[in-house]
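Start at 1 and go down the list; that is how both ligands and their atoms are numbered. A quick note: this is a predicted structure, and the numbers were derived from the prediction, not measured. Along the sequence shown, residues are numbered consecutively beginning with 1.
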Amino acid sequence: MPSFNEHNLTECVVQRFDGCESPRLKQLIQALTRHLHAFVKETALSQDEWMVAIEFLTRTGQTCTDRRQEFILLSDVLGVSMLADAINHRMPEGATETTVLGPFYLGEHRLMPNGADLAPAATGERLYMAGTVRGVDGQPLAGATIDVWHADRDGFYDAQKPELGGAPSMRGRFRTDAKGCFSFRSLVPASYPIPHDGPVGDLLKATGRHPMRPAHVHFHVSAPGHEALVTHVFFSGDPWLESDAVFGVKDSLVVGLEECTQSTYPDGTPAPSSWKLLAYDFRLKRSPS
Ligand code: BEZ
Ligand code: FE
């Protein structure tokens with residue numbers, strides 16, 4: 001009859017998984033066991049704290065629905081999502097950097113012609129985006145697909161606005177032309193808090209952290225023969241760039257929005273008296289052949 005104690009328990013539990021048939025699952029569960037035990041020992045976790053953690057994780061699970069994933073949000077605010085993203089997307093020189101997908105990607109968007117307005121019925125400062133999709137060698141990629149989504153001027157996504165009745169707004173899909181170019185019109189999104197009315201919000205509050213993300217536009221860019229790119233473009237000067245609640249900002253993804261007063265957009269269509277130009281090119285890594 002083995003006698004377990006705080007000195008031998010970790011290795012006893014690790015050995016209990018020795019017979020696991022999948023080498024990868026065995027590696028993951030044994031490392032998880034060692035790290036969890038090390039955490040309990042390092043912090044001398046009290047019984048009360050253990051219970052608080054159990055209740056917190058229980059509430060996190062109970063907050064998940066088919067429209068809300070509180071565990072991913074927890075991973076986001078702990079920096080785990082960005083760490084997993086970083087080690088899985090080590091980019092070659094010149095390739096556009098990645099960042100988190102976020103909860104507001106709703107899968108493939110409706111295909112729209114270049115220059116289309118993503119937010120014709122919404123009010124806010126108008127934005128024109130013009131970009132090119134290239135390979136890392138700089139060659140333009142014709143026929144690349146760009147899914148775009150972003151918040152409105154109050155920081156809300158369409159999925160957070162029941163009054164839209166599920167109609168898509170500030171999201172769409174574009175295809176690059178023969179020169180690898182795409183463009184669309186929309187409005188300038190605002191910075192916004194991540195959903196913070198659940199356990200993750202409670203955690204941020206209890207630890208003195210804010211829930212804000214700097215304003216950004218999301219992109220999912222794909223092209224045959226290349227790895228799909230999930231990223232955002234942020235705007236310089238945003239007060240939340242340094243302290244993004246989900247650690248998603250990278251210098252190379254921050255751009256200046258150009259203030260414009262020309263009476264037409266770059267595609268010749270009429271523009272209001274002032275609007276912002278967002279110019280950004282994406283460079284995709286080749287898929288392993
Ligand atoms: C977002 O940018 O949409 C987002 C990302 C992570 C957590 C919450 C929101
Ligand atoms: Fe977002």
Query raised in the report: Measuring to the Fe ion (ligand 2), does H216 have an N/O/S atom at a distance below 2.8 Å?
Result: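 For H216, the answer is yes, given that an N, O or S atom comes within less than 2.8 Å of the Fe ion (ligand 2).
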
Report task. Consider every N or O of H218 and every N or O of ligand 1, then say whether any pair is closer than 3.5 Å. Result -> yes

Query raised in the report: Is there a heavy atom of F247 sitting under 4.0 angstrom from any atom of ligand 1?
Result: no

Query - Y105 to ligand 1, any heavy atom closer than 4.0 Å - result: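 No, Y105 has no heavy atom closer than 4.0 Å to ligand 1.
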
Query raised in the report: In terms of atom number and element, which parts of ligand 1 are under 4.0 angstrom from non-hydrogen atoms of R213?
Result: 1 (C), 2 (O), 4 (C), 5 (C)

Query raised in the report: When you measure from atom 4 (C) of ligand 1 to every protein heavy atom, which one gives the shortest distance, and what is it?
Result: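 Of the protein heavy atoms, P103 CD, 3.4 Å lies nearest.
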
Report task. Name the orientation class of the two ring planes belonging to F184 and F182 (parallel below 30°, tilted from 30 to 60°, perpendicular beyond 60°). Result -> parallel

Query raised in the report: Where's the contact between L73 and ligand 1, heavy-atom distance under 4.0 Å: side chain, backbone, both or neither?
Result: side chain

Query raised in the report: What part of W149, side chain from CB on, backbone N/CA/C/O, both or neither, has a heavy atom under 4.0 Å from ligand 1?
Result: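 No part of W149 is near ligand 1 at this cut-off.
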
Query - Pair E11 + R34: basic N to acidic O under 4.0 Å - result: yes

Query - Residue pair H37 / H35, side-chain donor-acceptor N/O under 3.5 Å - result: no

Report summary line: Sequence neighbours excluded, the answer for salt bridge (Lys or Arg N to Asp or Glu O under 4.0 Å) partners of R283 is none

